[in-house]
Structures are given as C-alpha cells and as structure tokens.
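Since this is a predicted model, take the numbers as computed values, not measurements. When reading the values below, keep in mind they use all heavy atoms of this one structure, side chains included, and skip hydrogens, waters and symmetry mates.
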Amino acid sequence: MKHQDFCEEFAFLLVKYKATHKAKQYGGVPLSSICCTLRGLLNMRTEGVNLTSEEHLFLKEWGWTMDLSPSNPLYQIINKFDSGEKLSVKERIVLEQEQQQVKIIGEREHQREEREHQREEREHQREEREHQRKQQEQIKQERHLSELARKYRVSSSDLTINSLYDLICKIDSGNPLSDSEMEWMKSRRFYEPIKIYRQIQHFALLKAKYQATEYPDCSLDSPLYQILKQLDAGEIFSDVEANWLVNNQLIDTLEIFGQQKAGREAEFAQLKDKYKASEYAETSVSSPLYKILKNLDADIQLSESELNWLEENQLSETLSIVLEIEQKRHFSELKVKYKATTYEDSSLSSHLYKVLKKIDLENQLGEHDVNFLKKRKLTETITLALDKFAASLKSKIKSGEPLSEADFDWIKQHGRDDVITFAIENYVASLKSKIQSGEPLSEADFDWIKQNKREDIITFAEKNRFAALKSKYEVSDYKDQTPSNPLYAILQKLDKGERLEPTDVAWLEENKLEASQPSNSYYGWQEEHRYQGQRLFSGKIFTAYHKIEALFYEQEYKNTGNKWKLPNASSHWRKAGQPRSALKLTENLEFDKIKENKLKSALLTTRGGAFRDIDKLDDAQKCAIKAIEYQPQSHHPYTLMGAICFERGQFLEGERWFNEAIKRGASPRDQDAEMKRVVKNAKDEKRREVVEYLLKKDPQRYAWAKAYRKRQDGEDAQRKNS
C-alpha cells in the first residue's frame with residue numbers, strides 16, 4: 001500500500017471510530033469535510049511540504065502528532081476491528097485505554113467550552129445592564145429637562161443651550177447668580193427664568209425674615225410662600241393658614257404674626273379714636289373699617305363704596321371728617337390748578353375757595369370776585385378764569401346753544417374778540433356745511449352774509465353748486481371751477497329747464513372736455529391711454545338741451561296750433577333719446593285736413609325716423625314711402641329709406657336710395673351720419689356685416705368703422721375665452 005493511501009485510510013478510520021480528541025469542537029461540520037482537510041494536510045507533511053503555523057495548529061488540535069506508519073499498533077488494531085476480526089484481550093485493553101484518554105480529553109474540552117459559554121453569557125448580561133442603565137439615564141435626563149422647562153417657563157430646545165442649562169440648574173439648587181450671569185440671561189431675553197429666580201430669592205428672604213428657614217420646601221407653589229407674602233403685606237391670616245403653620249411646626253413664624261396682629265389691633269383702636277369711630281364695636285383688623293381708616297390716614301381718597309359703607313354703619317362723625325379732608329384736598333388741588341398757591345389761607349371758609357370753585361365750574365366771576373383776586377395779586381388766576389369762561393362760551397357756540405345778553409356783556413367788558421372770531425368762524429363753517437349737504441340757506445343766513453360782507457361764502461356756494469351740476473351732467477373733468485365760467489350759467493339754465501341761447505350752444509360746440517380715456521379695455525384688450533377731446537355738447541348736456549327744446553315746441557304747438565312745430569318737437573325728442581314721445585306727439589293726426597304736402601311729408605319723415613329708432617322698420621318704411629308720395633323732391637324721406645335698407649342688410653338697395661337723396665340736394669355727410677347710426681345701433685353679426693361692407697367699399701371714407709370692427713373682435717375673443 002502506498003504511504004499516501006495508508007495515511008488517508010488511517011485518518012479515515014480514526015475519524016470513523018472517533019479516535020480524534022477534538023471531534024466535538026467542530027459540531028455541525030460534516031466529518032467527511034474534516035477528514036478531507038486532515039488527509040490533505042497529512043499528505044502535504046508526508047511529501048515534505050512546509051505547513052503554515054495555522055495548518056500545524058489545526059493538526060495539533062486534532063491530535064495528529066502520532067506516528068502514522070503501518071507499524072503503529074493502533075492502526076493495526078483499528079484496521080483489524082474494521083475488517084471484522086476478533087480483537088485479543090491485549091488489543092482491547094490498548095483500544096480502551098485510547099478511548100478512555102479520548103473521553104477524558106472530551107470531558108475537559110466540554111468543561112472548557114461550558115466555562116467559555118458562561119463567560120460569554122456574563123459578558124452579554126453585563127452589556128445588557130449597561131444598555132439599560134444608559135436608557136434609564138437618558139429618560140431621567142429628558143424628564144429632568146422637561147421639569148426644568150416647565151418650572152422655569154422656557155422651551156426644552158432652549159435648555160439644550162449648555163450655558164442656560166447650567167444656570168437653571170444653579171438656580172434650582174438654590175445658588176445665587178452672578179451679575180454677569182444675569183446679564184447673559186437678559187441679553188438673550190430669558191425673562192421668565194429671571195422672574196422666577198427673583199421670586200425664589202424673595203421666598204428665601206421672607207423665610208429668613210420670618211424665621212421659617214427650617215421648612216425644606218422652596219417651591220414657589222408652597223403654601224408657605226403665600227402665607228409669608230401675606231404676613232409681609234400686613235394681611236390677615238385665616239384659621240386654615242394659622243393651622244398650617246402649627247402643623248408644620250413653624251411656631252416662630254406664627255408668633256411673629258401674632259405680634260403683628262396685636263400691633264394692628266392697637267393701631268385700629270387709635271385710628272377709631274382719631275377719626276371718631278370708637279362706637280364701632282368690632283376690634284378685628286379684618287373689619288372693612290380698618291382698611292378705610294388706614295386709607296384715610298394715608299391721605300388716600302376713599303372710593304364711593306367705602307363712603308357708602310361708612311354711611312350704612314351710621315359713622316356720621318367719621319363721614320364729616322372725610323368730607324372735610326376731601327374739601328381741603330380739593331381746595332389744595334384748585335390752588336395748584338389755577339395758580340393761587342401763594343395764598344396761604346387754606347381754611348374751607350376762605351372766599352378764595354368759593355372763587356376757585358366758580359372758575360372750575362366755568363361760571364362767570366362777578367366784579368367782586370375779580371377785585372378779590374386783584375387785591376391779592378393773583379393775576380394768573382384771573383387770566384385762567386377768563387380763558388376758562390371764554391372756552392365755555394366757545395363750547396356753547398359750537399353746540400349751537402345761543403349766547404345770553406350777559407354773555408355778550410362779558411365779551412365786550414373783557415374785550416374777548418377771540419370769542420367773537422370763533423363765533424363767526426363757527427357760523428361760517430355751519431353755512432358751508434349746509435351748502436355742501438344741499439340744505440338751502442335761510443333769509444337770515446343771506447342777511448348775515450351781506451351784513452358781514454362774506455363774499456367768500458357766496459363764492460364757496462357757487463363753486464359747490466358748480467361742482468354739483470358738473471357731476472350731475474357728467475362733466476366733472478372740466479377743469480375750470482370758477483363760477484364765472486360760461487359753463488356754470490349754461491348748466492344752471494339746463495337744470496331749471498330754461499332754453500339755451502344760440503351763443504350758448506355755439507360755446508358748447510366749440511369747447512371740449514379733456515379726459516384720459518382707455519381704448520376698449522372693457523373688452524379685455526391691452527389698455528392704450530390717450531387724451532381724446534370730447535365736445536361739451538354731448539352726453540347728458542346734449543340730451544337735456546333737446547328735451548327742453550322738444551317741450552318748448554310742444555308748448556308752442558299747443559299755444560298756436562301751428563303744426564310745423566310738431567316736426568321740430570319730434571326731431572328734438574328723437575335726439576333726446578325719447579322716440580316714443582315723438583311717436584305719441586305725431587299720432588292721431590288727420591292728414592286729410594292738412595293741406596300742405598310739404599308739412600305732411602315732414603311729419604311722416606320724422607315719424608318714420610322715430611319708428612326706425614325703436615326698430616320698427618316696416619312702419620318706418622311705410623311712413624317714408626308715403627312722405628315721398630307727398631313730396632318727391634325732398635331728400636329727407638329718401639335718406640330715411642337708405643338707412644332702413646342698410647339696417648336690413650340691403651346695401652345695394654340702400655345705396656340706390658342714398659343716391660336719389662343726393663340728387664335731391666342731400667349732402668354725403670348726411671349719408672355718413674346715417675351710416676354711423678346704423679353701425680352704432682346694429683348688434684353683433686349684423687354690425688360686422690355693415691362694417692365689412694363699408695370698409696370694402698371705401699376704407700378711407702369709412703375709416704371710423706375700424707374701431708367698431710376692433711371692438712367686435714374683442715367681444716368675440718372674450719366670449720370664446722369664457
């Protein structure tokens with residue numbers, strides 16, 4: 001057998017029959033793997049390969065230092081046993097000895113492993129205890145921080161500042177802070193801990209003062225702190241508080257309280273005697289009278305409830321003393337207030353006291369009173385008295401209360417022109433307020449204005465009226481505010497329903513209102529500001545003018561019966577935006593009785609125009625055709641027909657009628673004016689249709705229609721977006 005094969009077989013048999021010393025050390029590892037490793041290492045050693053220290057250690061651990069030659073008796077015994085042969089007694093003894101040795105080694109190894117396991121278990125328990133200790137320390141620290149934060153009214157995050165935590169701990173342990181430490185806390189606005197620290201110090205001082213230092217609790221919530229504060233303030237204890245001191249063995253503190261109580265009771269008796277209240281039987285300092293008399297003795301003014309208490313308990317003599325003290329105090333205050341402190345007499349019977357009370361009540365001083373002050377050289381008092389009474393007169397004037405004759409005599413006597421000036425200014429202000437509110441001035445108001453030559457009020461009234469009229473007729477942006485401006489007179493006429501002169505109309509036509517007007521921003525386009533001149537003869541002024549003219553011609557017709565007034569009135573009603581008034585005016589006319597065809601044509605044309613204004617185009621056409629029959633050479637009904645056709649979208653037909661009108665003397669401007677009315681009154685698609693037709697026909701002549709197209713585009717875009 002080759003040596004290598006022998007080694008492998010011997011090693012296998014050793015493993016198989018558990019003749020290895022360290023078999024159990026590698027529990028869980030297959031024996032075949034261990035055997036393979038051993039064979040490999042033995043082969044390497046047999047072949048003279050140098051093994052590493054770790055490999056030598058591995059062989060040593062498994063007890064492979066024995067002789068592995070075929071002459072080894074153990075090999076022969078194991079080989080014999082493995083082949084099924086019976087062993088001799090001697091061989092059995094050798095094998096048992098070897099097995100016994102293996103058993104002893106195994107037991108020792110097991111004991112060593114058990115000790116190692118116990119050591120590891122103890123180490124694990126130690127680590128677990130250390131972990132629990134750290135957790136408890138952390139919980140304790142967090143609880144401590146939370147308690148400090150709550151006690152000293154700071155946030156837990158603030159306490160993470162090491163300096164603050166150290167200072168709070170210092171305070172909590174009862175140690176004083178240094179000036180620099182206090183400054184540090186103030187600079188960082190930790191005011192609450194400072195406040196509590198001072199309260200703790202205060203508690204400590206009170207404990208020392210009232211011999212309660214043996215009491216261990218230093219908490220500000222302690223009943224002792226409240227008791228000591230009461231004691232220090234001289235307040236009375238209840239039986240509950242006294243019993244608390246006894247139960248906590250603070251006898252010295254209770255004795256101090258008893259001494260104070262006895263002193264206060266003695267003081268109470270003295271005060272009762274001093275202020276004539278001895279008949280009040282109660283001696284306890286808890287009585288309301290004790291506090292009242294102490295306030296009285298300290299020159300503190302008594303409250304109404306305290307005075308009522310004295311009255312309810314029938315302490316009339318005490319009340320008399322209180323009243324006298326109050327009067328003396330009042331007299332002293334009045335002396336200071338009205339600069340009369342140089343007058344030494346402070347008796348309540350002094351005439352100065354009566355004079356000063358008059359001044360304070362804003363009463364007028366008599367000549368005797370003034371002379372009294374003059375003799376005592378109290379000139380400042382006199383000045384203050386005059387000013388005080390003058391102020392009362394001004395107050396009367398401001399409230400609307402009339403001054404008496406005595407008041408006017410006083411004003412003249414003392415030359416108080418300031419009161420007169422104030423009265424005038426107040427009356428002027430009231431007149432202006434009347435004017436602004438639209439309240440009419442009385443005849444007395446106008447008489448006063450004339451008498452006092454207050455043209456400024458007239459001017460103010462005129463300006464205010466001018467501004468109101470401009471607002472009413474929507475021309476507030478007209479800059480000139482002077483009542484002499486022609487616009488003021490024109491607006492007054494319109495407001496009264498008076499007709500304007502031709503010169504007035506011409507002035508309105510010539511003058512314009514300049515105002516910044518955004519271009520079509522209502523439709524959502526980008527706003528383009530520009531200054532656009534707007535004639536004054538437009539808007540509400542235009543409407544009011546034509547309404548007045550319409551009414552005038554109506555009245556002229558009623559007065560004269562002249563039917564030629566009717567077309568004029570109808571035309572003005574239409575321009576005033578009231579076409580239905582024009583129709584009412586021209587209805588029920590008996591055309592058979594009208595002889596002049598020209599008048600018939602004029603009436604029918606204006607009536608047709610009114611029908612057109614209210615979108616009754618069929619009725620308007622009937623009137624226009626009839627008017628043409630009565631007066632074929634008049635261009636007015638032809639122009640009306642052209643406008644009607646355009647409103648219907650019959651553009652070529654409308655052009656034909658307009659051409660007929662021009663042949664009969666109509667101006668192209670008349671046609672342009674009608675086109676503008678058509679476009680202005682048209683809606684949506686109909687307007688677009690007219691605008692596109694006009695711009696296609698003559699874009700230069702009808703350039704004004706572009707604005708309507710742009711507006712229409714904006715409306716369409718807005719509807720689409722919404």
Side-chain angles (χ1 to χ4, degrees), residues 509-510 512 517-526 528-535 537-539 542 571 574-575 577 579 601 605-606 608-618 620-621 623-625 627-628 631-719:
E509 289 279 9
E510 291 172 1
K512 294 182 179 181
Q517 298 180 353
S519 298
N520 303 319
S521 63
Y522 175 83
Y523 298 101
W525 311 327
Q526 187 173 0
E528 299 174 1
H529 285 280
R530 59 190 174 86
Y531 279 88
Q532 178 177 317
Q534 177 185 337
R535 290 186 307 159
F537 194 50
S538 60
F542 182 84
S571 176
R574 290 181 62 205
K575 291 177 182 177
S601 179
T605 301
T606 189
F611 276 125
R612 176 195 163 199
D613 292 341
I614 62 174
D615 205 27
K616 290 189 175 183
L617 300 182
D618 290 343
Q621 181 176 339
C623 291
I625 296 299
I628 290 172
Q631 195 178 16
Q633 296 306 313
S634 172
H635 63 82
H636 296 293
Y638 291 93
T639 301
L640 176 59
M641 276 300 301
I644 292 169
C645 290
F646 262 84
E647 292 208 9
R648 287 173 170 167
Q650 300 168 347
F651 304 135
L652 295 178
E653 184 68 11
E655 292 286 0
R656 187 178 70 79
W657 283 106
F658 279 132
N659 289 334
E660 291 297 324
I662 290 172
K663 290 177 184 178
R664 288 163 177 78
S667 168
R669 287 188 303 174
D670 296 335
Q671 182 180 349
D672 291 348
E674 292 299 332
M675 289 298 95
K676 288 181 180 179
R677 287 190 62 196
V678 169
V679 172
K680 181 181 178 182
N681 297 332
K683 304 293 183 184
D684 300 336
E685 291 301 322
K686 189 176 180 182
R687 176 187 291 164
R688 181 182 293 279
E689 189 179 355
V690 178
V691 166
E692 295 300 333
Y693 173 80
L694 294 176
L695 291 174
K696 185 176 180 181
K697 179 184 177 183
D698 193 338
Q700 187 172 0
R701 177 180 176 182
Y702 300 112
W704 50 266
K706 293 179 182 179
Y708 287 95
R709 181 164 66 182
K710 187 176 181 182
R711 182 184 302 174
Q712 189 70 43
D713 290 341
E715 290 175 350
D716 293 343
Q718 189 179 38
R719 278 194 292 269

Salt bridge (charged side-chain N to carboxylate O under 4.0 Å, His left out) for Arg677 and Asp613? Distances and angles first, verdict last. CA-CA 10 Å; Arg677 287 190 62 196; Asp613 292 341; 2.4 Å; yes
Please find the pair of heavy atoms, one from Glu653 and one from Cys645, that lie closest to each other, and give the distance. CG-SG, 3.5 Å
How about Lys697: does its NZ atom have over 12 heavy atoms from other parts shown lying under 6.0 Å from it? yes
Before accepting this row, confirm whether a basic side-chain N of the pair Glu692/Arg709 lies closer than 4.0 Å to the acidic partner's carboxylate O. yes
For Ser571 and Thr606 the tightest heavy-atom approach is N-OG1, 3.8 Å
Do Leu694 and Arg701 come within less than 4.5 Å of each other through their side chains, counting heavy atoms only? no
Any salt bridge linking Lys686 with Glu689? Criterion: basic side-chain nitrogen under 4.0 Å from a carboxylate oxygen. no
Answer with yes or no after comparing the ring centroid distance for Phe651 and Phe646 against a 6.0 Å cut-off, counting only values under it. yes
Looking only at heavy atoms, what is the nearest atom pair of Pro637 and Ala627, with distance? CB-CB, 3.8 Å
Salt-bridged, Glu660 to Arg656, with N to O below 4.0 Å? no
Tell me if a side-chain donor or acceptor on Arg664 pairs with a main-chain N or O of His636 at a distance below 3.5 Å. no
Mind checking whether Asp672 and Asp670 have side chains closer than 4.5 Å, heavy atoms only? no
Return the minimal non-hydrogen interatomic distance between Glu647 and Val678, and the atom names on each side. CG-CG2, 3.7 Å
Taking Glu509's backbone N and O only, do any of them form a donor-acceptor pair with Arg535's side chain (distance below 3.5 Å, no angle check)? no
Here the pair of heavy atoms bringing Gly665 nearest to His635 is C-CD2, 3.9 Å
Check whether Tyr708 forms a cation-pi arrangement with Arg687 (NZ or CZ under 6.0 Å from the six-membered ring centre, at most 45° off the ring normal). no
From Arg612, Lys680, Arg669, residue fulfilling salt bridge (Lys or Arg N to Asp or Glu O under 4.0 Å) relative to Glu674: Arg612
Would you indicate whether the side-chain heavy atoms of Phe658 and Thr639 approach each other to under 4.5 Å? yes
What heavy-atom pair brings Gly608 and Ala620 nearest, and what distance separates the two atoms? O-CB, 3.2 Å
Residues passing the side chain to side chain donor-acceptor pair (under 3.5 Å) test with Lys616, sequence neighbours excluded, are none
With the side chain counted from C-beta on, respond yes when Trp657 and Ile628 share a heavy-atom pair under 4.5 Å apart, and no when they do not. yes
